[in-house]
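First the structure, in the form of structure tokens, and then the observations on it.
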Amino acid sequence: MMARIWTTVVLVATLVFAAEHVRAQEQRVPLRIVITEGVIEPMPIALPTFSVGNPGDRELASRITAVIVDDLTGTGLFRRISPDAYLSSDTGADSRIRFADWRAINAQALIAGSVVTANDVIEVNFRLFDVFAESEFGKGVRFTSDVGSWRRVAHKIADSIYQRITGELPYFDSQVAFISESGAKGNRIKQLAIMDYDGANARALTDGTDIVLAPRFSPDGGLLIYTSYETGTPSVYLLNLRTGARQAVLQNPDMAFAPRFFPDGGKVVLSLTIDGNTDIFEVELGSRKVRRLTSSAAIDTAPSVSPDGNWIAFESDRSRRQQIYIMRARDGEPRRISFGEGRYGTPVWSPTGDYIAFTKQYRGRFHIGVMRADGSDERILTASFLDEGPTWSPNGRNLMFFREEPGELGGPSIYSVDVYGRNLRRINTPQFGSDPSWSPIRR
Amino acid sequence: MKLKVMVSLVSLAALVACSGDVLDTGVAGNASGGLGSGGGIGQAELQNYEPDSPEYFTELIGNTVYFEVDQSVISEDSAAVLRQQAQWLNQNTEYSVLVEGHADEQGTREYNLALGARRAAAVKSFLTDLGVADIRLATVTYGKERPVAVCSSETCWSKNRRSVSVVERESGG
């Protein structure tokens, strides 16, 4: 059964992208968005539907163009000038660009591309132009893959544009593991699932027989670690996304949950409950050696390791209410870093290591927020009846989390928001979705 | 040819969007379960349970005790129920108990798992103190995963902050 599920996964995973190497071109920078806290006026861009040599490729070209447009405008940093306003129609990647026509409609950047298919292989070229400098911005790139992966090609192109114009690392060609929820609120069916970052290509990885919770990606994106009730009590499992192989991390009757990887991928942190008391442990995946990291009578859970591997953030109610603590990964006294009003939980270290995202409960409302790793500079990004479980985009510029609507018919949905609290968006999932985990950028 | 690819993509997407209760795994015939057996009005004649039956334990003594917000302290009301549970268990030693700990939805997932475990452990410890053998008592936490009441206000939340003692006949030995 698992084997069949995995056929498609293997196909996707073994795709090879042939991309001409993009050399970051030194340019004086008129074409640049610097992402800061203030209000950003979206950059107007012209992005005509990619041209085709063969009329049969038209539909595919317009789909690819639409994905690039969604990626870029979805950041809130770009605005696509309506194609109805375009004065030029000849924008093939190799054709001459009449910059005056694009300047006339106030486009700052022009993205021109072309699509060719042959024998189920797709070849997409694109070029990015700085309209006011009347020059190409970076080098043109050609992506080649099988036709079935056209969305990934589109994401790669959007990543390339985003990266050049913002100077930030990319994030569109990434996936999100999550829990797909269905059925009545009192007896939810929960399935491990995975989708593209924009909600496309969602598919389930378990059949819903057992409760599953909170998948997390390994640092290389090849594994998921998650909690399942298949033995009757919560325990932690590894799933290899390439082979479909699955294994239990621990062979013991204790309850285990809240697993996450160390950045080297060789160890994980998790919570074990022994005689009703929950503490934090690390497990070496090779030897399965278990080491205790905290030993308090309090609830210590939701650990997250810093990107350099030296620190662990976790939540504890040792000071009576849930708060965030950090400690050295080797040993040492935990130090509390959250001191605002309310309760703080689910700390998650950002990919760059400077910020920790968290869930905050205050006066019956739930919030997603970020603070520096020393607890300073707290920013609350969202508010609702129940916002929970942040996960960082691979470039640390955005967060996903889930928001639960109240009541019998209410359920969770996955949302994204940028680190300044702008651009809140709901991700379309086939059913209710919770516990998102953002993958690293795909290769 | 290419058009065909597109068409099948579209219909696949539509299929996923409309498939019933369970997200399609792409595997035929594994769409287990659907909605729980909720709904409808049940009717049953009142029973006179045998004092040594699990139904007596579950229905007459009561298998559930409740907790205050964020607490695992056994209240006086709960203690009264648990004393009867212990007495019954001490008289019916062929049964074991799985103590489930639960939390309301007002909390984060991991914390609620730990809180449910704490509640289950508090009940187990109360029962062992009254002479029920440790090996007859197992615990599990469900955190906020299995509410019995599904509104989003204190009326329901107070019913969900609970432990449930599930009696099972010991399977052997």
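By convention in this document, chain letters (A, B, ...) are assigned in the order of the sequence lines, proteins followed by strands, and residues within each chain are numbered from 1.
Between the side chains of A/Glu230 and A/Ser228, at least one donor N or O lies within less than 3.5 Å of an accepting N or O.
If you measure heavy-atom distances from A/Ile299 to chain B, the contacts under 4.5 Å come from both the backbone and the side chain. Looking at A/Glu315, only its side chain comes within 4.5 Å of chain B, counting heavy atoms on both sides. Looking at B/Asn160, neither its backbone nor its side chain comes within 4.5 Å of chain A, counting heavy atoms on both sides. Contact of A/Asn428 with chain B is not made at all, since no heavy-atom distance falls under 4.5 Å. Using a 4.5 Å cut-off between heavy atoms, A/Phe402 contacts chain B through its side chain alone, with no backbone atom that close. Contacts between A/Ser434 and chain B at a heavy-atom distance below 4.5 Å involve the side chain alone, from C-beta outward.
Counting only residues at least two apart or in different chains, disulfide bond (SG atoms under 2.5 Å apart) contacts with residues 73-169 of chain B comprise B/Cys151-B/Cys156.
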- Intermediate values then yes/no, salt bridge (charged side-chain N to carboxylate O under 4.0 Å, His left out), A/Asp196 and A/Arg203: CA-CA 10 Å; A/Asp196 296 351; A/Arg203 66 185 186 283; over 6 Å; no

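Comparing A/Met255, A/Glu388, A/Arg343, A/Gln361 by heavy-atom pairs within less than 4.5 Å of chain B, the highest count is held by A/Glu388.
Taking 4.5 Å as the heavy-atom cut-off, the residues of residues 119-145 of chain B that approach chain A are B/Ala121, B/Thr139, B/Val140, B/Thr141, B/Tyr142, B/Lys144, B/Glu145, ordered by number.
In this structure, B/Ser75 contributes its side chain and B/Ser78 its backbone to a donor-acceptor pair below 3.5 Å.
A salt bridge links A/Arg151 with A/Asp198: at least one charged nitrogen is closer than 4.0 Å to a carboxylate oxygen.
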